[in-house]
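Here's the structure, in structure tokens; my notes come after.
Indexing begins at 1, ligand by ligand and atom by atom, following the structure's order.
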Amino acid sequence: MASDGPLYLGFDLSTQQLKAIAVNSSLHVVSSAKVDFDADFGDKYGIKKGVLVNHELGEVFAPVAMWLEAIDLVLKRISEAGLDLSKVRGLSGSCQQHGSVWWNQEAEAKLGSLSTEKSLLDQLEASLSHPYAPNWQDHSTQAECDEFNKLFDSPNKLADVTGSAAHHRFTGPQIMRIRRLHPKVYSLTSRISLVSSFLASVFLGAVAPMDISDVCGANIWDIPGECWSKLALTLVAGGPEGLPGLLEKLGDVRKDGGGGMGKVSSYFVKKYRFSENCEVAPFTGDNPATILALPLRPLDAIVSLGTSTTFLMITPYYKPDPAYHFLNHPTSKGQYMFMLCYKNGGLAREKVRDVLPASDDASDAWKNFNSPVLDTPPMDIKKEGDRAKMGLYFYLPEIVPNISSGTWRYTCEADGSDLKDEQGGPTPVDGSKSGPKPAWDVHTDARIIVESQALSMRLRSQNLVHPPSPKFPAQPRRVYLVGGGSLNPAIARVMGDVLGGAEGVYRLDVGGNACALGGAYKAVWAFERKDKTETFDELIGARWKEEGAIEKIDDGYREGIFESYGEVMHAFEDMESKILKEEGR
Ligand SMILES: Nc1ncnc2c1ncn2[C@@H]1O[C@H](COP(=O)(O)OP(=O)(O)O)[C@@H](O)[C@H]1O
Ligand SMILES: O=C(CO)[C@@H](O)[C@H](O)COP(=O)(O)O
């Protein structure tokens, strides 16, 4: 594949895939490849949707060996697709957030002396002190989270310091649990990486520092103080005597998201013909990388429809709250990223789709879902006097709000009054016949699940938006959809109906590859910025062309419809509060 000038590689190690994407200095995509964990390794590692699950304990985790194997495979695939890796000047990437990789004492030496005779798996598996990385869907750390919130007096105070209240999946509570449950693993561990610094470490041939944005997904980094929170770390370490050891395991946090951390390991030079001058930039989390996939402005919103569903905005104001997450911006000091993350995103929509009669179009597995979404009017209000429908479709215990699994179906009047539980409790998610019957049919569920997911995002982001111009009510200027689900026109329509978007709803042309693309753009900026002063927005903003990069897929704001969802938003909030109360939270 001919291309003049340097190339940059971006990786994305997400829940279900490892993707690689190559761009040139003009930001054109030159090549891409992917490894699909289920399709490529499902049998070997016994994973499903990229992970292993221990239902009893609420543990969700991924075999690190599988990721090591995937790195070799994705490079083989992208080389076979014709990419000349010797042209790659620099690389960076994005990885699922919050997971941790546990290295033993041999790791540093092993990473720096890899032989091309063997695979990464053969050489690095023995450098792990724990074979698994906790996954962001894990919910085994309620006890640890309670201790975090208590230590800081309240979830609000913990959020003020670390950007978030305690969350099951956050790395701090996860490390604390592993120390308690597996003391031997903990003591044999010399370094702990986030998934992003793990992938960077493999390419660097040395354990890489954590990234300034991704570290905010751990409940242990003091965002305003720009340092580790000693209070939180002392808890994780089990007391002050454990603190020095834990600090050593965590290593440094790199505050500059750009520049190079060092040359790529000779393993990749010899095996895949990378140039020996190719450098490794800091890697970051998949959500922080997503906001780098385009020049995002403060009133724009991104909805990432991957395995998780996330809602992302950037802001110069640090306004933490236990209901959402604040993270440092991955490239721009003084900017922050606002994030909501839902476990019941893509997989929950798939569950609803899969009980509908199968799609009659082999090329579109979502046709059976999209038709009822588009044929059902907003909130299923067909005529005046009909009640508005809403629900929670939680196949897994949810993050926001912290509600256990189940499906609740509620209605209210169109003006939001008279909220009513239509089933008298949740229908079970395991398909058992016990418990209440669903209050409406599955065709209606298809619309209501997407609307309710969007309503939750609108409710929680309302304080971050203002009118984009005097003729619009407060809402995002643009809504960008990324991730696998961004290919879906019916979901785009509902996002526009509920969230608005004064300039419309857009899809990134790279669709599911947005975070890998953000990683590749980060590499371009990391190595081409003029000294340290040229910002990511200046460099990428000047080179990015809207045509060919994004596509308008929905009008966004529709007067009347947008307002009708505004009427029921507080009923939606009341529904959540009522269920939380019933669960004793
Ligand atoms: N046309 C579609 N409509 C809705 N969802 C889709 C569509 N195509 C793919 N998806 C969803 O996208 C998800 C995978 O998205 P992706 O961003 O690749 O995931 P991840 O990065 O988390 O591994 C799958 O769970 C799948 O259900
Ligand atoms: O937990 C979060 C964010 O807080 C998730 O968004 C993970 O980062 C996984 O992302 P995907 O694999 O769904 O892209």
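- Summarising the contacts of atom 26 (C) of ligand 1 with E350, K34, R349, R353, the nearest heavy atom is found in E350.
- Each of the atoms 20 (P), 21 (O), 23 (O) of ligand 1 lies under 4.0 Å from some heavy atom of S14.
- In the model, R254 has no side-chain atom that pairs as donor or acceptor with a side-chain atom of S197 under 3.5 Å.
- Here Y132 and W102 keep their ring centres 6.0 angstrom or further from each other.
- If you check the side chains of T15 and W136, you find a donor sitting under 3.5 Å from an acceptor.
- Residue C341 touches ligand 2 through its side chain alone, judged by heavy-atom distances below 4.0 Å.
- Within the model, atoms CD of Q16 and CZ of F37 stand 9.5 Å from one another, a figure rounded to the nearest 0.5 Å.
- W366 CD1, 3.5 Å is the protein heavy atom nearest to atom 1 (N) of ligand 1.
- Close contacts of ligand 1 with Q17, meaning ligand atoms under 4.0 Å from a residue heavy atom, involve 18 (O), 23 (O).
- Checked against the 6.0 Å centroid criterion, the rings of H325 and H167 qualify as a close aromatic pair.
- Using bins of under 30°, 30° to 60° and over 60° for the plane-to-plane angle, the ring pair F326/F338 lands in the perpendicular bin.
- On a distance-only criterion, T310 and ligand 2 share no N/O pair closer than 3.5 Å.
- Scanning the protein heavy atoms around atom 3 (C) of ligand 2, the nearest turns out to be N287 ND2, 3.2 Å.
- Side chains of E583 and S404: a donor on one and an acceptor on the other come within 3.5 Å.
- Side-chain N/O atoms of D445 and Y393 include a donor and acceptor closer than 3.5 Å.
- Donor-acceptor pairing under 3.5 Å is recorded for the side chains of D214 and Q97.
- Between F170 and H98, the distance separating the two ring centers is shorter than 6.0 angstrom.
- If you check which protein heavy atom lies closest to atom 1 (O) of ligand 2, you get R169 NE, 3.0 Å.
- In terms of protein heavy-atom proximity, atom 20 (P) of ligand 1 is nearest to T307 OG1, 3.5 Å.
- For ligand 2, the atoms sitting less than 4.0 Å from at least one non-hydrogen atom of M339 are 3 (C), 4 (O), numbered in the order shown with element in parentheses.
- Annotation: H98 places an N or O atom under 3.5 Å from an N or O atom of ligand 2; distance criterion only.
- Between D286, I399, V195, it is D286 that holds the heavy atom closest to atom 14 (O) of ligand 2.
- Using modelled atom types, one finds no donor on one side chain facing an acceptor on the other under 3.5 Å when comparing Q96 with S14.
- Between D12 and ligand 1, not a single N/O pair is under 3.5 Å apart.
- When only non-hydrogen protein atoms are considered, atom 9 (C) of ligand 2 lies nearest to W136 NE1, 3.2 Å.
- Of all atoms in ligand 2, numbered sequentially from 1 with element shown, those under 4.0 Å from a heavy atom of Q96 are 8 (O), 9 (C).
- Counting only N and O atoms by type, the side chains of N488 and N370 include a donor and acceptor under 3.5 Å apart.
- Of the protein's heavy atoms, G484 N, 3.6 Å lies nearest to atom 16 (P) of ligand 1.
- The aromatic rings of H168 and H139 lie tilted to each other, with the angle between the two planes from 30° to 60°.
- With a heavy-atom cut-off of 4.0 Å, H325 does not touch ligand 2 at all.
- With a 4.0 Å heavy-atom cut-off, ligand 1 is reached by the side chain of K19 but not by its N, CA, C or O.
- Looking at S229 and W221, their side chains never bring a donor and an acceptor atom within 3.5 Å of each other.
- Of the protein's heavy atoms, S308 OG, 3.5 Å lies nearest to atom 5 (C) of ligand 2.
- Scanning the protein for heavy atoms near atom 3 (N) of ligand 1, the closest one is N488 ND2, 3.0 Å.
- For ligand 2 and Q97, the ligand atoms under 4.0 Å from any heavy atom of the residue are 3 (C), 7 (C), 8 (O).
- Neither the backbone nor the side chain of Q16 comes within 4.0 Å of ligand 2, counting heavy atoms alone.
- For ligand 1, the atoms closer than 4.0 angstrom to any heavy atom of G483 are 17 (O).
- Here the heavy atom of the protein found nearest to atom 12 (O) of ligand 2 is T15 OG1, 2.4 Å.
- Counting heavy atoms closer than 4.0 Å to ligand 1, residue Q16 contributes atoms from both its backbone and its side chain.
- Checked against the 6.0 Å centroid criterion, the rings of F11 and F203 qualify as a close aromatic pair.
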